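To keep things clear, I will list the structure first and then write my remarks on it.
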Amino acid sequence: MADQKRDYYEVLGVKKTATPDEIKSAYRRLAKQYHPDLNKAPDAREKFEEVQEAYDVLFDENKRAAYDRYGHAAFQQPDGSPNPNGGGDPFGGMGGFQSGFQGDLGDIINEFMSGFAGGGRRARQSRGPRPGNDIIHSVRISFMDSIKGTKIVLPVDYDEPCDNCHGSGADNPKDFESCSYCGGRGYVVRQVQSLFGIMDQQVQCPNCRGTGSIIRKKCHVCGGSGYKHVHNDIEVTIPAGVYTGKQFVISGRGERGINGGPNGNLIIEVHVQDHPEFIRDGDNIHLEVPLSFVDCALGAEISVPTVYGEVTTRIPEGIQPGQTICLRGKGVKNMRTGNPGDQILHIKVKTPVKLTKKQKELLQQFQQEGDKNDSIFAKWKARFSK
């Protein structure tokens with residue numbers, strides 16, 4: 001009955017405001033503590049199932065909401081039996097304890113039992129061919145090279161399978177025999193002291209290094225290594241529009257494979273240097289343009305630099321500091337579409353700091369001809385008196 005069950009939050013030892021991460025952490029701790037394979041106490045199985053049932057409900061957002069509102073009754077039928085569509089039966093009628101090996105519990109078991117008796121899958125897998133690790137190589141290019149594209153040449157050292165033995169290390173495919181040390185299994189069993197007492201642990205065979213076989217006659221070309229060392233200069237094309245962090249993959253130029261497996265990949269990661277003036281934002285380019293207050297007041301036609309060369313543009317009369325002018329199509333070409341972004345000009349007004357006597361007289365005359373009450377400052381100050 002519902003009133004015979006312990007509160008799920010109490011079972012996991014968490015508050016009703018616990019986050020999913022806190023619930024999961026509590027579950028993992030208790031599942032390890034009461035798992036019947038690790039805890040031989042008579043009530044371990046019962047407590048383990050109770051923890052599993054509480055977790056199944058509280059970690060599921062919908063089930064937790066129903067439980068918070070109706071308690072255990074949310075998962076029972078009127079006659080008190082478990083609801084087949086609810087969380088009353090944590091094992092779903094699939095054989096009780098066996099379903100506990102799914103999901104997060106599987107991670108827990110692997111965490112504790114990996115390498116021990118019953119966890120020999122990893123040792124057996126090491127006998128087969130496996131690909132080598134990838135290698136990441138960073139290249140730094142200039143800002144303008146990222147805009148226009150470039151080519152770089154990389155000196156690369158890597159291993160290729162031997163042309164004679166094709167990576168096996170044997171002079172002939174028949175020159176293998178089963179390892180006598182491990183009996184061809186590729187691993188040996190050793191007893192080790194652990195938190196749970198003395199347990200059997202599977203480790204890679206030191207004689208055959210996990211392959212399960214040894215070579216009677218090594219390859220006369222590579223001496224049994226199975227590989228030859230190669231040095232090549234590889235030309236890499238960097239397309240226009242590339243950005244920092246973009247990666248390019250060159251297959252088969254990474255670390256060599258294991259047990260005849262393929263090489264890993266060489267990954268080229270691009271880093272673009274900053275430009276002293278141009279600032280990139282996606283496919284757009286931003287540029288600050290300094291102008292005198294005369295050019296801003298009267299307007300002007302100017303020639304401005306872009307990443308593709310200089311272009312002429314018109315500064316409209318009366319433009320204000322901070323306003324922008326958009327040069328369509330003068331930004332970065334998108335790597336996927338090839339369509340260019342824009343270049344945005346940010347207007348900066350530069351006030352002269354050294355004036356000649358004549359310039360000062362002209363500015364004073366300009367100021368005197370204006371209405372003092374109509375000045376920019378006067379208009380701004382007037383807003384405080386309203």
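Keep in mind the model is a prediction, meaning the values are calculated, not measured.
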side-chain contact (heavy atoms from CB on, under 4.5 Å) partners for Thr337, two or more places apart: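 In terms of side-chain contact (heavy atoms from CB on, under 4.5 Å), with neighbours along the sequence ignored, Thr337 is linked to Asn334, Asn339.
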Any residue meeting side-chain contact (heavy atoms from CB on, under 4.5 Å) with Thr19, in chain and number order, not counting sequence neighbours: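 Checked Thr19 against side-chain contact (heavy atoms from CB on, under 4.5 Å); matches are Asp21, Glu22.
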Ignoring hydrogens and angles, write down the donor-acceptor pairs under 3.5 Å from the side chains of residues 235-247, residues two or more places apart or on other chains.
| residue | atom | partner | partner atom | Å |
| --- | --- | --- | --- | --- |
| Thr244 | OG1 | Val272 | N | 2.9 |
| Gln247 | NE2 | Glu269 | OE2 | 2.8 |

Residues in ring pair (Phe, Tyr, Trp, His ring centres under 6.0 Å) contact with Tyr9, at least two apart in sequence or another chain: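 Tyr9: no ring pair (Phe, Tyr, Trp, His ring centres under 6.0 Å) contacts found.
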All ring pair (Phe, Tyr, Trp, His ring centres under 6.0 Å) counterparts of Tyr67, not counting sequence neighbours: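 Partners of Tyr67 under the ring pair (Phe, Tyr, Trp, His ring centres under 6.0 Å) test: Tyr8, His72.
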CD/Glu46: more than 12 non-hydrogen atoms of other groups inside 6.0 Å: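 Count not over threshold, so no.
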Enclosure of Arg314 CZ (heavy-atom neighbours >12, cutoff 6.0 Å):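 It does: Arg314 CZ has more than 12 such atoms within range.
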If I compare all heavy atoms of [X] with all of [Y], which pair ends up nearest, and what's the gap?
X: Asp56; Y: Lys63; answer: O-CD, 3.8 Å
X: Cys165; Y: Gly226; answer: SG-CA, 3.7 Å
X: Asp233; Y: Pro155; answer: OD1-CA, 3.4 Å
X: Ser178; Y: Gly183; answer: OG-C, 3.8 Å
X: Pro206; Y: Val188; answer: CD-CG2, 4.4 Å
X: Asn265; Y: Ser251; answer: OD1-CA, 3.2 Å

Side chain to side chain contact (heavy atoms under 4.5 Å, CB included) assessment of His229 paired with Asp157: CA-CA 7 Å; His229 194 67; Asp157 293 284; 3.7 Å; yes
With a 3.5 Å cut-off and sequence neighbours excluded, list the donor-acceptor pairs that the side chains of residues 216-223 form with protein atoms.
| residue | atom | partner | partner atom | Å |
| --- | --- | --- | --- | --- |
| Arg216 | NH1 | Phe176 | O | 3.1 |
| Arg216 | NH2 | Lys174 | O | 2.6 |
| His220 | ND1 | Asp171 | OD1 | 2.7 |

In the structure I gave you, are the side-chain heavy atoms of [X] and [Y] within less than 4.5 Å of one another anywhere?
X: Cys296; Y: Pro321; result: no
X: Ile285; Y: Thr306; result: no
X: Val51; Y: Glu49; result: no
X: Phe59; Y: Arg64; result: no
X: Cys179; Y: Ser213; result: no
X: His137; Y: Val139; result: yes
X: Val304; Y: Thr313; result: yes
X: Val203; Y: Gln201; result: yes

Has the side chain of [X] got a donor or acceptor atom that lies under 3.5 Å from a matching backbone atom of [Y]?
X: Asp7; Y: Glu10; result: yes
X: Tyr227; Y: Gly257; result: yes
X: Asp281; Y: Asn284; result: no
X: Gln343; Y: Pro305; result: yes
X: Gln320; Y: Gly318; result: yes
X: Asn39; Y: Ala41; result: yes

Please answer: with hydrophobic residues joined when any side-chain heavy atoms are less than 4.5 Å apart, are [X] and [Y] in the same cluster?
X: Phe293; Y: Val289; answer: no
X: Ile279; Y: Val332; answer: no
X: Ile319; Y: Ile344; answer: no

Check: Phe48 ring centre within less than 6.0 Å of Tyr34 ring centre: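 Here the rings of Tyr34 and Phe48 have centres that are no less than 6.0 Å from each other.
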Once you round to the nearest 0.5 Å, how far does [atom1] of [X] lie from [atom2] of [Y]?
X: Gln52; Y: Arg45; atom1: CD; atom2: CZ; value: 13.0 Å
X: Ile268; Y: Ser138; atom1: CD1; atom2: OG; value: 8.5 Å
X: Asn263; Y: Ile250; atom1: CG; atom2: CD1; value: 13.0 Å
X: Asp68; Y: Lys16; atom1: CG; atom2: NZ; value: 6.5 Å
X: Leu58; Y: Leu12; atom1: CG; atom2: CG; value: 5.5 Å
X: Glu160; Y: Arg256; atom1: CD; atom2: CZ; value: 12.5 Å

Leu266 vs Asp134, side chain to side chain contact (heavy atoms under 4.5 Å, CB included): CA-CA, chis, key distance, verdict: CA-CA 6 Å; Leu266 175 63; Asp134 294 338; over 6 Å; no
Salt bridge (Lys or Arg N to Asp or Glu O under 4.0 Å) contacts touching residues 290-310 (sequence neighbours left out):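 Sorted result for residues 290-310: empty, none.
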Salt bridge (Lys or Arg N to Asp or Glu O under 4.0 Å) contacts in which one or both residues fall within residues 325-347, not counting sequence neighbours: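 For residues 325-347, and leaving out neighbouring residues, the salt bridge (Lys or Arg N to Asp or Glu O under 4.0 Å) pairs sorted by first residue read Arg328-Asp342.
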Cation over ring face, Arg185 and Tyr187, 6.0 Å, 45°: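 Yes - Arg185 lies over the ring of Tyr187, closer than 6.0 Å to its centre and within 45° of its axis.
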CA sep, side-chain torsions, deciding dist, call: Arg253, Ile234, side chain to side chain contact (heavy atoms under 4.5 Å, CB included): CA-CA 10 Å; Arg253 296 296 181 263; Ile234 299 178; 4.0 Å; yes
Residues Glu255, Ile135; criterion side chain to side chain contact (heavy atoms under 4.5 Å, CB included); working and verdict: CA-CA 7 Å; Glu255 292 185 4; Ile135 296 176; 3.8 Å; yes
Residues clustered with Val249, ILVMFWY side-chain links under 4.5 angstrom: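 Grouped by the 4.5 Å side-chain rule, Ile136, Ile267 form the rest of the cluster around Val249.
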Salt bridge present between Lys5 and Glu50 (N-O < 4.0 angstrom):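 Between Glu50 and Lys5 there is no salt bridge, as every charged N stays at least 4.0 Å from the carboxylate O atoms.
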Which residues share a side chain to side chain donor-acceptor pair (under 3.5 Å) with Asp274, sequence neighbours left out: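 For Asp274 there are no side chain to side chain donor-acceptor pair (under 3.5 Å) partners, ignoring immediate neighbours.
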For residues 142-150, please give each side-chain donor-acceptor pair under 3.5 Å, one per line with the distance, not counting sequence neighbours.
| residue | atom | partner | partner atom | Å |
| --- | --- | --- | --- | --- |
| Ser142 | OG | Asp145 | N | 3.1 |
| Ser142 | OG | Asp145 | OD2 | 3.2 |
| Ser146 | OG | Phe143 | O | 2.5 |

Report, one line per pair, each donor and acceptor closer than 3.5 Å where one atom sits in a side chain of residues 345-356; sequence neighbours left out.
| residue | atom | partner | partner atom | Å |
| --- | --- | --- | --- | --- |
| His346 | NE2 | His286 | ND1 | 2.9 |
| Thr356 | OG1 | Gln359 | N | 3.2 |
| Thr356 | OG1 | Gln359 | OE1 | 3.4 |

